[in-house]
Student: 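What follows is a single structure, and I will ask about it in a moment.
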Amino acid sequence: MTAPDARPALNFIQEIIAEDLKTNKWDGRVHTRFPPEPNGYLHIGHAKSICLNFGLADEFGGLCNLRFDDTNPIKEEQEYIDSIIEDVRWLGFDWKDRLYYGSDYFEQMYEWAVQLINAGKAYVCDLTPEQTRQYRGTLTTPGKDSPYRTRSVDENLDLFERMRAGDFPDGSRTLRAKIDMASPNLNMRDPVMYRVLRARHHRTGDKWCIYPMYDWAHALEDSIEGITHSICTLEFENHRPLYDWFLDELGVYHPQQIEFARLELTYTIMSKRRLLELVDGGHVCGWDDPRMPTISGMRRRGYTPESIRTFCKRIGVAKFNSTVDIAKLEHAVREDLNKRAPRVMGVLHPLRVVIDNYPEHQVEELDAVNNPEDPGMGTRKVPFSRVLYLERDDFREDPPKKFFRLAPGREVRLRYAYYITCTGMVKDEQTGEVVELHCTYDPAPRGGDSPDGRKVKATLHWVSAAHAVGAEVRLYDHLFTKADPGDVEAGQDYKSNLSPNSLEVLTHCKVEPGLAGAAPGTRYQFERNGYFCVDPDSSADRLVFNRTVTLRDAWARIEKAQMAQEKSGES
RNA sequence: UACCCGGUGGUGUAAUCGGUAACACACCAGGUUUUGGUCCUGGCAUUCCUGGUUCGAGUCCAGGCCGGGUAGCCA
């Protein structure tokens with residue numbers, strides 16, 4: 001249909017911008033903003049918005065501001081501001097000198113509020129929060145006018161000034177826009193613009209005891225900054241008429257608000273409230289727990305900013321509420337790490353193996369390729385000796401069909417080393433568990449194939465017992481057992497779907513000696529296992545790795561299918 | 001029950017403002033392979049429904065069905 005070299009498809013927002021550029025609607029400018037409230041850590045859903053806003057500016061030669069929407073001092077903290085700045089920067093975006101705070105505009109907002117009062121478009125209301133709610137009406141019934149709606153301009157001016165001066169207790173009065181209490185859009189039923197609130201603001205301190213509401217503040221912030229396209233999520237769609245009303249009544253510069261669907265991921269929750277609950281409730285080890293969908297958690301887990309950006313690009317932008325398969329995210333990291341992560345050998349569940357015919361004290365330094373995808377990454381030496389550790393899962397005393405790794409009498413290749421044949425095993429007398437294997441090796445294939453053309457069906461990773469470095473490895477799985485964590489029995493909440501297996505700590509892993517002292521943040525592929533990243537908990541004498549994601553595992557699938565078949569065969 | 005917004009394969013998007021459904025992920029089946037990785041090949045769709053306009057509709061119109069959002073002095 002479409003020519004293979006057709007121009008990349010534009011999402012609906014890009015189309016709007018392209019059209020605006022064509023008609024010169026904004027004098028050729030494109031100016032977006034990412035406006036987080038500093039009341040929590042950024043997550044992958046925010047990454048979508050960040051990539052969208054900064055990406056749009058980049059694609060169309062425009063600008064994107066980083067702006068903190070800090071109008072509610074009760075929930076906001078400096079810690080969050082710091083983390084947000086770090087995360088956006090880590091994702092690879094640059095706002096240059098355009099770091100703004102909504103609170104910096106409080107004075108201007110106040111003046112504009114006075115302007116609206118003077119125009120008879122805003123009034124001070126003495127209704128209690130409870131009364132305000134009652135007067136608002138319901139979804140299906142109109143509201144009714146506040147008895148304070150007809151106050152004179154002078155009285156409103158005086159009252160509003162005294163609200164600011166702190167003459168009234170918290171919650172006692174509000175400044176409201178005078179619009180239409182019968183509007184079918186509840187946001188237009190005389191929305192509150194200011195509330196009296198004595199709370200110390202993280203930036204303005206005690207200067208203010210009235211704070212602007214989102215709708216009022218956000219439109220003004222966008223206007224002040226000369227934003228052209230104010231992009232937000234779908235739940236603000238009903239707020240757009242209000243956004244427009246404020247700006248029109250004020251007669252000030254008026255950006256266009258555009259709404260898109262926020263990101264949802266399978267096996268993941270994205271609400272800041274719930275993520276905070278997981279942190280506070282000790283269900284995870286903090287905002288940067290590698291199981292969290294937070295940017296900081298993903299960073300610690302080993303995700304690359306590039307892979308997150310690629311993911312955000314691929315999921316697209318639309319107005320339909322959808323849930324993306326987390327496999328798509330995992331694919332993006334694998335793809336990126338496959339190209340850049342150096343390969344090493346690491347044994348997660350060590351099984352001691354003695355090569356009986358290998359010289360007792362001999363050690364050979366074998367050549368290993370650092371990344372078959374990138375020859376430029378070179379090679380390294382890996383020590384081989386008589387006693388090795390192999391992965392427990394790579395040996396089966398009684399191998400099932402299609403299992404072609406090590407088993408009694410079987411021959412396999414050791415990566416970059418020799419062919420070995422299993423000749424015997426030692427079992428724990430109590431448990432019957434295999435605790436050691438005995439093998440013989442054939443020196444001929446050293447590093448490659450056997451000269452006699454003999455084939456083996458498996459190549460296993462290994463480490464030399466005498467040279468290996470001990471490591472702790474943390475294996476992560478989905479935080480929730482259900483694709484939709486919100487799918488719960490009556491009376492339960494999402495926490496009942498928390499997975500008991502989301503974290504497995506392995507403390508006796510063995511990795512090749514070259515990994516000693518690896519710096520936190522360094523990423524590797526443990527061959528045949530997955531991608532791993534050195535955790536900040538790691539130190540010179542204690543290596544700690546996080547598993548970012550497993551490798552695709554064909555055998556695991558086969559085995560799973562076999563078990564499913566057996567099960568259905570039984571019944 | 002009111003208003004607003006949506007509805008394309010298992011999932012997420014695309015289809016150059018009517019021209020005969022594409023890409024990615026997932027899944028399945030093969031091939032290559034010193035990672036059962038990567039890579040390569042193939043398989044998997046009557047666009048929510050019903051009418052209408054048209055030579056032609058995923059795109060336009062009408063009605064219906066389904067889903068999401070909204071009753072904070074949160075954002």
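Just so it is clear: chains get the letters A, B, ... in the order the sequence lines come, proteins before strands, and each one is counted from 1.
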Student: Quick one: I558(A) CD1 to G30(B) P, roughly how many Å, whole number?
Tutor: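 In whole Å, G30(B) P and I558(A) CD1 are 10 Å from each other.
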Student: Are R454(A) and Y419(A) in a cation-pi contact, defined as NZ or CZ under 6.0 Å from the six-membered ring centre and within 45° of the axis?
Tutor: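 Relative to the ring axis of Y419(A), which defines the angle, R454(A) lies outside at least one limit.
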Student: To the nearest Å, give me how far apart CG (N370(A)) and C1' (U35(B)) are.
Tutor: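 Distance, rounded to whole Å: 14 Å.
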Student: Taking syn as any angle within 90 degrees of 0 and anti as the rest, which one fits G72(B)?
Tutor: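 Syn conformation for G72(B).
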Student: Base, sugar-phosphate alone, or nothing: which one does F311(A) contact when heavy atoms must sit under 4.0 Å apart?
Tutor: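 Counting heavy atoms under 4.0 Å across all strands, no contact is made by F311(A).
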Student: Looking across every strand, which nucleic acid part, if any, lies under 4.0 Å from L127(A) by heavy atom: base, sugar-phosphate, or nothing?
Tutor: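 Answer is base: heavy atoms of L127(A) come under 4.0 Å of a base.
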Student: What I want to find out is whether R413(A) reaches D449(A) closely enough, with some N-O distance under 4.0 Å, to be called a salt bridge.
Tutor: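 Salt bridge: yes.
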Student: Is there a Watson-Crick or G-U wobble partner for G12(B) with both distances under 3.5 Å, and which nucleotide is it?
Tutor: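 G12(B) is paired with C23(B).
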Student: Rounding to the closest angstrom, what is the interatomic distance between C55(B) and G12(B) at atom P?
Tutor: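 My reading of the P atoms in C55(B) and G12(B) gives 37 Å.
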Student: Give the nucleotide from the list C73(B), A2(B), U13(B) with an atom nearest to the side chain of T140(A).
Tutor: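 The closest nucleotide is A2(B).
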Student: May I ask you to say what E330(A) touches in the nucleic acid, namely base, sugar-phosphate or nothing, with a heavy-atom cut-off under 4.0 Å?
Tutor: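 Since no nucleic acid heavy atom lies under 4.0 Å of E330(A), the category is nothing.
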Student: Indicate the ring-plane relationship of Y105(A) and Y100(A), choosing parallel, tilted or perpendicular according to the 30° and 60° boundaries.
Tutor: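 Ring orientation of Y105(A) relative to Y100(A): tilted.
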Student: Tell me what T266(A) touches on the nucleic acid: a base, only sugar-phosphate, or nothing, going by heavy atoms under 4.0 Å.
Tutor: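 It contacts nothing in the nucleic acid.
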Student: With a 3.5 Å limit on both atom pairs, tell me what G63(B) is paired to, counting Watson-Crick and G-U wobble, or say none.
Tutor: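 Answer to the pairing question: C49(B), which forms a Watson-Crick or G-U pair with G63(B).
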Student: Please measure how far the P atom in G10(B) lies from the corresponding atom in U47(B), and state the result in whole Å.
Tutor: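 Per the computed distance, 12 Å lies between those P atoms.
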Student: Return the value, rounded to whole Å, for the distance between atom NZ of K319(A) and atom P of U13(B).
Tutor: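 After rounding, the reported distance stands at 14 Å.
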Student: If you define the side chain from C-beta out and look only at heavy atoms, does anything of L197(A) sit under 4.5 Å from P73(A)?
Tutor: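 With C-beta onward as the side chain, the pair touches.
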Student: When all nucleic acid strands are considered with a 4.0 Å heavy-atom cut-off, which category describes S322(A): base, sugar-phosphate, or nothing?
Tutor: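 S322(A): backbone/sugar contact only, no base atoms under 4.0 Å.
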Student: If you check every side-chain atom of H239(A), which of U35(B), A71(B), A75(B) has the closest atom?
Tutor: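 Nearest to the side-chain atoms of H239(A), counting from C-beta on, is A75(B).
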Student: Do Y243(A) and F236(A) have ring centres separated by under 6.0 Å?
Tutor: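 Not close enough - the centres of the two rings lie 6.0 Å or further apart.
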Student: Return the nearest nucleotide to the side chain of N238(A); candidates are G12(B), C4(B), A15(B).
Tutor: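 The nucleotide sitting nearest to the side chain is C4(B).
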Student: Check every strand shown and say whether F236(A) touches a base, only sugar-phosphate, or nothing at a heavy-atom separation below 4.0 Å.
Tutor: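 Counting heavy atoms under 4.0 Å across all strands, the contact made by F236(A) includes a base.
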Student: C1' atom, U8(B) versus A57(B): distance in rounded Å?
Tutor: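 The same atom, C1', in both gives a distance of 14 Å.
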Student: When the C1' atoms of U59(B) and U16(B) are compared, how many Å lie between them, rounded to an integer?
Tutor: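 So the two C1' atoms sit 13 Å from each other.
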Student: Give one of base, sugar-phosphate or nothing for E237(A), where a contact means two heavy atoms less than 4.0 Å apart.
Tutor: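 Sugar-phosphate only.
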Student: Keeping the roles fixed (side chain from R33(A), backbone from I231(A)), state whether a donor-acceptor pair exists under 3.5 Å.
Tutor: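 Yes, R33(A) side chain to I231(A) backbone: donor-acceptor pair under 3.5 Å.
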Student: I need the NE2-P distance between H331(A) and A24(B), as an integer number of Å.
Tutor: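 After rounding, the reported distance stands at 10 Å.
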Student: With a 4.0 Å cut-off on heavy atoms, is V196(A) in touch with a base, just the backbone sugar-phosphate, or nothing at all?
Tutor: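 It contacts nothing in the nucleic acid.
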Student: Among the candidates G37(B), A71(B), A15(B), find the nucleotide nearest to the side-chain atoms of R136(A).
Tutor: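 The nucleotide sitting nearest to the side chain is A71(B).
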Student: When we call it a touch if two heavy atoms are under 4.0 Å apart, what does N72(A) touch: a base, just sugar-phosphate, or nothing?
Tutor: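 Answer is sugar-phosphate: N72(A) comes under 4.0 Å of backbone atoms only.
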Student: Compare the minimum distances between each of U70(B), C74(B), C73(B) and the side chain of L186(A), then state the nucleotide with the smallest one.
Tutor: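 It is U70(B).
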Student: Could you identify the nucleotide paired to U1(B), looking across every strand shown and requiring Watson-Crick or G-U wobble geometry with both distances under 3.5 Å?
Tutor: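 When the pairing criteria are applied, nothing turns out to pair with U1(B), so the answer is none.
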Student: For the P atoms, the ones on C65(B) and on A22(B), what distance do you get once it is rounded to whole angstrom?
Tutor: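 Between the two P atoms, the distance is 33 Å.
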Student: Across all strands shown, which nucleotide pairs with A57(B) by Watson-Crick or G-U wobble geometry, both distances under 3.5 Å?
Tutor: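 When the pairing criteria are applied, nothing turns out to pair with A57(B), so the answer is none.
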Student: Provide the distance between the two P atoms, one in A21(B) and one in A45(B), to the nearest whole Å.
Tutor: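 Result for the P pair: 13 Å, nearest Å.
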Student: Check E559(A) with R396(A), please: is the shortest side-chain N to carboxylate O separation under 4.0 Å?
Tutor: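 Answer for the salt bridge query: yes.
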Student: Would you classify P372(A) as touching base, sugar-phosphate or nothing, given that sugar-phosphate means primed atoms plus P, OP1 and OP2, and contacts are heavy atoms under 4.0 Å?
Tutor: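 It contacts base atoms.
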Student: For C73(B), what is the paired nucleotide under Watson-Crick or G-U wobble rules, both distances under 3.5 Å?
Tutor: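 Across any shown strand, C73(B) pairs with none.
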Student: Both A417(A) and T323(A) contact RNA chain B. Which one's nearest nucleotide lies toward the 5' end?
Tutor: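 Its nearest nucleotide being more 5', the pick is T323(A).
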Student: Assuming nearest nucleotide by heavy-atom distance, tell me which of D69(A) and N185(A) is located more 5' along RNA chain B.
Tutor: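 Upstream on the strand: N185(A).
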Student: Just to confirm, is there a sub-4.0 Å distance from OP1 or OP2 of A75(B) to any side-chain nitrogen or oxygen of R195(A)?
Tutor: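 For A75(B), OP1 or OP2 has a side-chain N or O of R195(A) closer than 4.0 Å.
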Student: Looking at the side chain of D325(A), which of U8(B), U11(B), A2(B) is the nearest nucleotide?
Tutor: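 Minimum distance to the D325(A) side chain belongs to U11(B).
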Student: Taking the side chain from R67(A) and the backbone from G102(A), do they hold a donor-acceptor pair closer than 3.5 Å?
Tutor: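 No.
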Student: Report the distance from atom CD of E559(A) to atom C1' of G36(B), rounded to the nearest whole Å.
Tutor: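 Answer to the nearest Å: 12 Å.
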Student: Considering every strand and a 4.0 Å limit on heavy-atom distances, what is the contact class for S183(A): base, sugar-phosphate, or nothing?
Tutor: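 Contact class for S183(A): none.
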Student: Confirm from the modelled atom types if R405(A) and G36(B) form a donor-acceptor pair under 3.5 Å, side chain to base only.
Tutor: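 Per atom types, the contact qualifies.
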Student: Decide yes or no, distance alone: a donor-acceptor N/O pair under 3.5 angstrom between the base of U35(B) and the side-chain of Q525(A).
Tutor: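 It does, because a donor-acceptor pair links the side chain of Q525(A) to the base of U35(B) below 3.5 Å.
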Student: Between G72(B), A71(B), A26(B), which nucleotide gets closest to the side-chain atoms of M213(A)?
Tutor: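 Of all the options, the side chain of M213(A) is nearest to G72(B).
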Student: Say you pick atom P in G18(B) and the same atom in C4(B); how far apart are they, in whole Å?
Tutor: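 Pairwise P distance, G18(B) against C4(B), rounds to 26 Å.
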Student: Across the strands shown, which category fits K75(A) at heavy-atom distances under 4.0 angstrom: base, sugar-phosphate, nothing?
Tutor: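 Base contact.
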Student: In whole Å, I'd like the distance from the CZ atom of R334(A) to the P atom of U35(B).
Tutor: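 In whole Å, U35(B) P lies 18 Å from R334(A) CZ.
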Student: Taking only the side-chain heavy atoms of L139(A) (C-beta and beyond), determine which of G37(B), G12(B), A71(B) contains the nearest atom.
Tutor: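 Per side-chain heavy atoms of L139(A), the pick is A71(B).
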Student: C28(B), G36(B), C73(B): which one has an atom nearest the side-chain heavy atoms of R557(A)?
Tutor: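 The answer is C28(B), which lies nearest to the side chain.
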Student: Check every strand shown and say whether P38(A) touches a base, only sugar-phosphate, or nothing at a heavy-atom separation below 4.0 Å.
Tutor: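 Counting heavy atoms under 4.0 Å across all strands, no contact is made by P38(A).
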Student: Can you figure out which of A24(B), C27(B), U35(B) approaches the side chain of K328(A) most closely?
Tutor: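 Between A24(B), C27(B), U35(B), the one nearest the side chain of K328(A) would be A24(B).
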Student: Measure from OH on Y267(A) to P on A26(B) and round the result to the nearest Å.
Tutor: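 One finds 14 Å between P of A26(B) and OH of Y267(A), rounded.
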Student: U35(B) phosphate, OP1 or OP2: any side-chain N/O from R552(A) under 4.0 angstrom?
Tutor: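 Looking at the OP1 and OP2 atoms of U35(B), neither is under 4.0 Å from any side-chain N or O of R552(A).
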Student: At 4.0 Å (heavy atoms only), tell me whether Y416(A) reaches a base, stays on the sugar-phosphate, or touches nothing.
Tutor: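 Base: the residue Y416(A), judged by heavy atoms under 4.0 Å, touches a nucleobase.
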Student: Rounded off to whole Å, could you give me the NZ-to-C1' distance for the K339(A) and C39(B) pair?
Tutor: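 Taking atom C1' of C39(B) as the reference, NZ of K339(A) is at 12 Å.
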Student: With rounding to whole Å, what would you report as the distance between G58(B) and G6(B) at their C1' atoms?
Tutor: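 Comparing C1' positions in G58(B) and G6(B) gives a spacing of 15 Å.
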Student: Does the pair E235(A)/R262(A) count as a salt bridge with the N-to-O cut at 4.0 Å?
Tutor: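 Here E235(A) pairs with R262(A) in a salt bridge, since their nearest N and O are under 4.0 Å apart.
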Student: Please report the C-alpha distance between F532(A) and Y524(A) in whole Å, then the side-chain angles of each, then the deciding distance to 0.1 Å, and finally whether the ring-ring contact (aromatic ring centres under 6.0 Å, His included) criterion is met.
Tutor: CA-CA 5 Å; F532(A) 295 79; Y524(A) 298 96; 9.4 Å; no
